Structures are given as structure tokens and as C-alpha cells.
**Q** 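There's a structure below that I have some questions on.
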Amino acid sequence: MNLLQKFKETLSSVLPIMVIVLVLGLTLAPLGAGLILRFIVGGALLILGLTVFLAGVDIGILPIGERCGSALTAKRNLPLLLGVAFLIGVMVTIAEPDVQVLVSQIKGVSPAVNKWALIMMIAAGVGLFVVLGLVRTMLSLKLKFLLIVSYIVVFVLAFLCPPEFQGVAFDSGGATTGPMTVPFIMALGVGVAAVRSKGKSDSEGKGGTQSDDSFGLTGIASIGPVAAVCVYGILLKMMKSPSSASEELAQQAVSETAAEGSHSDGLGLGVFLELLPEELKEVSLALLPLVLMFVAFQFLLLKMPPKQVQRMAKGIAYSFAGLVVFLTGVNGGFMPAGERLGEVLGTYAAVRGGPWLLLLTLTGVVFGAVVVCAEPAVWVLTEQVEQVSGGTIRRKVMLVALSAGVAVAIGLSMLRVMCGFSLWYILLPGYALALLFSLICPPLFVGIAFDSGGVASGPMTSTFILSFTLGAAAAGGGNPATDAFGVIALVAMTPLIAIQVLGIIFKIKSRKVEK
């Protein structure tokens with residue numbers, strides 16, 4: 001376990017955001033001494049908590065996932081593999097910190113939502129589509145065709161569900177692919193692809209296509225939550241009239257804004273202690289099913305020696321403590337400051353227009369560029385693509401492409417919030433372009449692109465960027481449930497286009513070399 005390395009990764013991800021907020025909060029958009037202090041303390045707790053959580057995932061949770069994936073694939077029992085894969089998808093999604101944060105923010109503006117019902121729907125969506133992705137690998141189905149069919153179904157469901165859930169649904173797809181979920185899904189995908197590839201190699205006397213099939217499972221899994229939240233919204237719509245729901249949403253938004261304003265006065269550091277019991281309870285509920293599943297796997301499948309079991313238990317304890325501290329920092333100071341900053345800049349933009357609208361948009365652009373460049377997972381992804389392309393696609397080129405794309409995505413989100421145009425004006429052409437590219441892009445790059453959709457939307461997007469957008473939406477006089485949600489979806493959509501463009505460039509260059 002390298003705590004120092006994890007600390008450096010987390011610090012590089014969080015510190016740039018904190019610096020920008022402090023500069024704006026002390027100059028153009030004053031936040032007040034109390035809220036700034038809470039933001040600093042919340043940021044420090046976030047860094048500490050995320051560091052300990054990621055270390056715990058590395059030493060305790062991820063190895064269990066890898067061992068489960070290896071043991072299941074070695075048994076070559078497809079029904080067992082698919083059943084356990086569904087359970088793993090559900091359990092790790094429930095424990096995913098990004099999902100916990102996102103659902104709390106949804107609950108903050110939509111009182112009709114039951115937090116744990118929504119979490120279970122998202123988790124079930126991940127589990128079902130993980131199974132679908134594994135079946136795709138086992139049957140050697142084309143990834144691009146599965147993606148096209150799945151997204152057609154998703155967009156039909158999205159048009160049928162209430163407007164309050166459309167942005168939320170697509171945001172949930174980006175939020176699920178976080179530091180807890182992705183390692184498990186990737187371990188299952190690589191393991192199944194390896195077994196299928198070996199079987200094909202044995203029967204045909206040649207190597208399989210593991211490199212192509214190893215990618216894409218995360219991208220497929222991230223579609224599940226979108227469909228599941230749309231279904232949840234449709235069910236709520238059937239049980240409740242849209243008008244009454246909209247009235248409650250507006251009333252809740254006003255009360256949340258008033259409550260936030262009351263917290264801005266004074267130092268208010270006691271809020272962290274007040275939040276602690278609730279976060280302990282929430283994290284316990286989130287991790288308990290995962291722990292019980294691991295215990296069952298140990299007795300029935302893994303049978304690890306006591307030393308390894310102790311190491312795994314230590315990792316789970318680290319993850320528990322880290323997640324509690326992380327959520328306390330996020331809810332106690334980090335998100336309230338982000339929301340307040342968006343509120344101040346959004347109020348200036350709404351009242352004074354012109355230059356302040358430009359400032360709000362440029363702030364979103366800067367946040368986007370900083371967030372994606374500081375995300376450790378993005379660096380892993382860019383290195384992976386450089387290796388796969390044999391150095392043809394340089395890491396720097398890819399970083400620039402991703403940074404520009406995410407910056408534009410968040411800038412457009414700010415304009416959407418203030419100008420009130422529909423999320424569909426961006427999502428429909430964006431996904432249509434991404435799916436069109438999948439028909440002409442090399443299959444390997446298609447898999448990497450859709451896997452990386454959630455890479456750019458890391459913890460900073462789910463916590464700070466979404467809070468900032470919610471604040472701006474509240475200040476602009478709109479409905480935060482319809483105007484703010486969707487920003488994570490736009491961030492997650494960017495790599496789908498950027499990486500496939502690079503894949504097409506790689507394909508063209510490869511053909512020239514062959515000639």
C-alpha cells in the first residue's frame with residue numbers, strides 16, 4: 001500500500017479546484033469567511049478520505065474482485081458466472097462513492113425521490129448490463145451493434161420519463177463508473193475475454209481476440225443506470241401527477257437555497273460533527289452487503305489463507321473509514337461552497353448579463369479543463385491508448401483532446417443553465433455522432449472510448465461541478481432538477497467522440513504505413 005502515492009493523486013485532483021474557488025471566493029464572487037473556512041476544512045477531509053478509501057480499495061477490495069473474476073471464469077460455468085456478476089455489479093454500485101453523492105444531490109432538489117430506492121435501481125441497472133456485456137463477450141457479438149441498440153432503447157425510455165429525470169438518468173451513467181465499480185467490472189471483463197480467447201485459441205490453433213474483447217464492458221455497464229433511472233421516473237410519473245411533483249420540486253429548491261444561506265453565516269464547523277453519525281449509518285448500509293458477499297465468496301469459492309483474509313479485512317476497514325471522512329467533507333463544506341459560488345456567479349449573470357454570463361461560462365470552461373487534466377484515471381487511460389496504438393496516438397494529443405472536450409461540455413452546461421435551452425440539443429447530436437463513429441472506428445478504440453466515458457467524470461465532477469451547476473441553475477430562476485442535471489452526462493460523452501476520432505486517425509495512418 002502506497003498512501004503517499006494515493007495522497008499525491010488525490011491532491012493533484014482536488015487542489016486545482018480549491019485554488020480557483022478560493023481566488024473567486026475572495027475576489028469577484030465573495031463567499032464569506034465562514035463558508036470559505038468550511039470549504040477548506042471540507043476539502044482537506046475530502047483529500048484525506050479519498051486517499052484512505054482508494055488505498056483500502058487497492059489492498060482489500062480490488063484483489064477480492066480480481067480473485068472472484070479469476071475463480072469464476074476458471075470454472076467455465078456460465079450461469080454461475082452471470083449470476084455472480086449480477087450480484088457483484090449491484091453490490092459495488094451501492095458502495096460507489098460517486099453514486100452516493102449524486103443520489104444525495106438528486107434527493108436535495110427532488111423530494112419525490114426515495115434515496116435507497118433510486119440507488120437500488122441504479123445498482124440493478126449496472127448488474128443487468130454487466131451480465132449483458134459478459135454475454136456479448138462470450139458470444140463474440142459486435143460491440144458497436146450492441147451499443148447502438150442499447151442507446152436507441154435508452155433514448156426511447158428517456159423521452160417517456162418526466163423531464164426531471166432525463167438529465168439525472170444520463171448523469172447516473174457517468175457517476176457509476178467510479179473508483180469502486182470500474183476495477184471490478186474490468187476484472188470480470190478481462191477474465192471472461194481471456195477464457196474465451198483461450199478456448200478459441202485451443203479450438204482453432206491460433207490466438208483469440210482478447211485485446212478487442214477486453215474493452216467495452218464498462219461502457220455497456222454505464223448504460224444500465226440510465227435505463228434504470230428512466231424506468232424509475234416513469235413509475236413515479238404513473239403513481240403521481242407531474243404538476244404536483246413540479247410544485248414540490250420548486251418548493252424544495254427554495255427551502256434548500258434558504259437553508260444554504262443560513263449555513264453561510266458564522267464559522268459553522270460544527271456541521272461536520274453533526275453529519276458524522278448520518279454518514280456512518282449511510283456508509284455502513286452501503287458496504288455491509290459487499291462485506292457479506294465477500295464472506296460468502298471466501299467460504300464457497302475463494303478459500304484464501306488467513307493472512308490474505310486479514311489483508312482484505314484491513315482494506316475494507318480502510319475503505320469504510322475513508323468513505324465516511326470523504327462524504328463528511330463533501331457534504332459539510334465542499335459541495336455547499338461549490339453551490340454557493342455557482343449561485344453568486346449565476347445571480348450576477350442573470351441580473352447584469354453580458355460580461356458576467358461570459359465569466360460564468362469561462363469559469364465552467366476552466367473547471368472542465370482542470371478537472372480532466374487532474375484526474376488520475378485519465379492519465380492511466382491516455383497511457384493505455386498510447387501503448388495500444390504503438391505510439392501513433394501520443395498521450396499529449398489525447399490529453400489536449402479530452403481537456404478541450406470536457407471544457408466545452410461544462411461551458412455549454414453553464415450556457416444551458418442560464419439560457420434555458422434543452423439538454424437534448426447537445427445529447428442527441430453528441431451521441432448520434434459517437435454511435436456513427438463506432439461504425440468506422442477500429443473495434444478496439446470503440447471499446448476504449450465507451451469504457452472511458454466515466455473516466456472523465458470522476459469524484460470532482462460528481463461533487464463540485466454538479467454542485468456549482470445546481471447553484472447557477474437556482475440563481476437563474478429555473479428548475480435545478482431539469483436545468484442543472486445533465487452536466488455529468490456531457491462530461492462523460494466527450495471521450496466517446498474524442499477517442500474514436502483518434503482511433504479513426506490511427507486507422508488512416510496505419511493504412512498509409514501498410515501501403
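Worth knowing before you read on, the calculation uses all heavy atoms, side chains too, and leaves out hydrogens, waters and symmetry mates. All values reported here derive from a predicted model rather than from experimental measurement.
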**Q** About how many Å separate CE of Met293 and CE of Met91, when rounded to the nearest 0.5 Å?
**A**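 Met91 CE to Met293 CE: 6.0 Å, rounded to 0.5 Å.
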
**Q** So how far is it from Phe506 CZ to Ile499 CD1, rounded to the nearest 0.5 Å?
**A**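 Nearest 0.5 Å value for the CZ-CD1 distance: 14.0 Å.
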
**Q** Just verifying a value: how many Å separate Tyr431 OH and Ile426 CD1, rounded to the nearest 0.5 Å?
**A**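 Between Tyr431 OH and Ile426 CD1, I get 12.0 Å after rounding to 0.5 Å.
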
**Q** With side chains defined as the heavy atoms from C-beta onward, is the minimum distance between Val291 and Phe294 less than 4.5 Å?
**A**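 No; the side chains remain at least 4.5 Å from each other.
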
**Q** Quick one, Thr347 and Trp356 - any side-chain contact, counting heavy atoms below 4.5 Å?
**A**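 Side chain of Thr347 against side chain of Trp356, heavy atoms only: no contact under 4.5 Å found.
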
**Q** Any heavy-atom pair between the side chains of Met121 and Tyr232 that's under 4.5 Å?
**A**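 In contact.
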
**Q** Do the side chains of Lys281 and Glu278 get close enough for a salt bridge, i.e. N-O under 4.0 angstrom?
**A**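 Looking at Lys281 and Glu278, the cut-off is not met.
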
**Q** Sub-3.5 Å donor-acceptor pair from the side chain of Gln100 to the main-chain atoms of Ile94, do we have one?
**A**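 Between the backbone of Ile94 and the side chain of Gln100 there is a qualifying donor-acceptor contact (under 3.5 Å).
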
**Q** Flag the pair Phe272 / Asn331 as yes when at least one side-chain heavy-atom distance between them is below 4.5 Å, and no otherwise.
**A**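 Not touching, per the 4.5 Å side-chain cut-off.
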
**Q** Looking just at side-chain N and O atoms, do Glu96 and Thr176 make a donor-acceptor pair shorter than 3.5 Å?
**A**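 Short answer, no.
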
**Q** Would you say the side chain of Phe326 lies within less than 4.5 Å of the side chain of Thr463, judging by non-hydrogen atoms?
**A**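 The answer is yes, as the side chains (C-beta and beyond) meet within the 4.5 Å cut-off.
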
**Q** Less than 4.5 Å apart, side chain to side chain, heavy atoms only: is that true for Phe53 and Lys6?
**A**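 A side-chain contact under 4.5 Å is absent here.
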
**Q** How many angstroms lie between CD in Glu279 and CG in Leu323, if you round to the nearest 0.5 Å?
**A**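 Rounded to the nearest 0.5 Å, the CD-CG separation comes out at 8.5 Å.
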
**Q** Can you tell me how far CD1 of Ile36 sits from CE of Met18, rounded to the nearest 0.5 angstrom?
**A**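 Between Met18 CE and Ile36 CD1, I get 11.0 Å after rounding to 0.5 Å.
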
**Q** Do the side chain of Thr361 and the main chain of Leu415 share a donor and acceptor less than 3.5 angstrom apart?
**A**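 No, Thr361 side chain to Leu415 backbone: no donor-acceptor pair under 3.5 Å.
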
**Q** Nearest 0.5 Å, please: how far is CG in Leu24 from CG in Leu31?
**A**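 Answer rounded to 0.5 Å: 8.5 Å.
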
**Q** Which heavy atom of Ala29 sits nearest a heavy atom of Leu345, and at what distance?
**A**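 Result for this residue pair: CB-CD2, 3.9 Å.
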
**Q** Ignoring hydrogens and geometry, is there a side-chain-to-backbone donor-acceptor pair from Asp171 to Ala489 under 3.5 Å?
**A**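 Side chain of Asp171 to backbone of Ala489, a donor-acceptor pair under 3.5 Å: yes, one is there.
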
**Q** Assess whether atom CZ of Phe421 is packed by more than 12 heavy atoms of other residues, nucleotides or ligands within 6.0 Å.
**A**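 It does: Phe421 CZ has more than 12 such atoms within range.
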
**Q** Kindly indicate whether the side chain of Ser172, heavy atoms from C-beta on, has any atom under 4.5 Å from the side chain of Val99.
**A**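 Ser172 does not reach Val99 side chain to side chain.
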
**Q** Dump the intermediate steps for side chain to side chain donor-acceptor pair (under 3.5 Å) on Thr482 and Glu164, then the final yes or no.
**A** CA-CA 5 Å; Thr482 54; Glu164 294 86 3; over 6 Å; no

**Q** For the aromatic rings, using the six-membered ring if either is Trp, is the centroid distance between Phe170 and Phe155 under 6.0 Å?
**A**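 Yes.
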
**Q** Would you confirm whether Gln500, through its side chain, and Ala434, through its main-chain N or O, come within 3.5 Å as a donor-acceptor pair?
**A**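 Side chain of Gln500 to backbone of Ala434: a pair is present.
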
**Q** Parallel, tilted or perpendicular, judged at 30° and 60°: which one describes the rings of Phe468 and Phe464?
**A**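 Ring orientation, 0 to 90° scale: parallel.
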
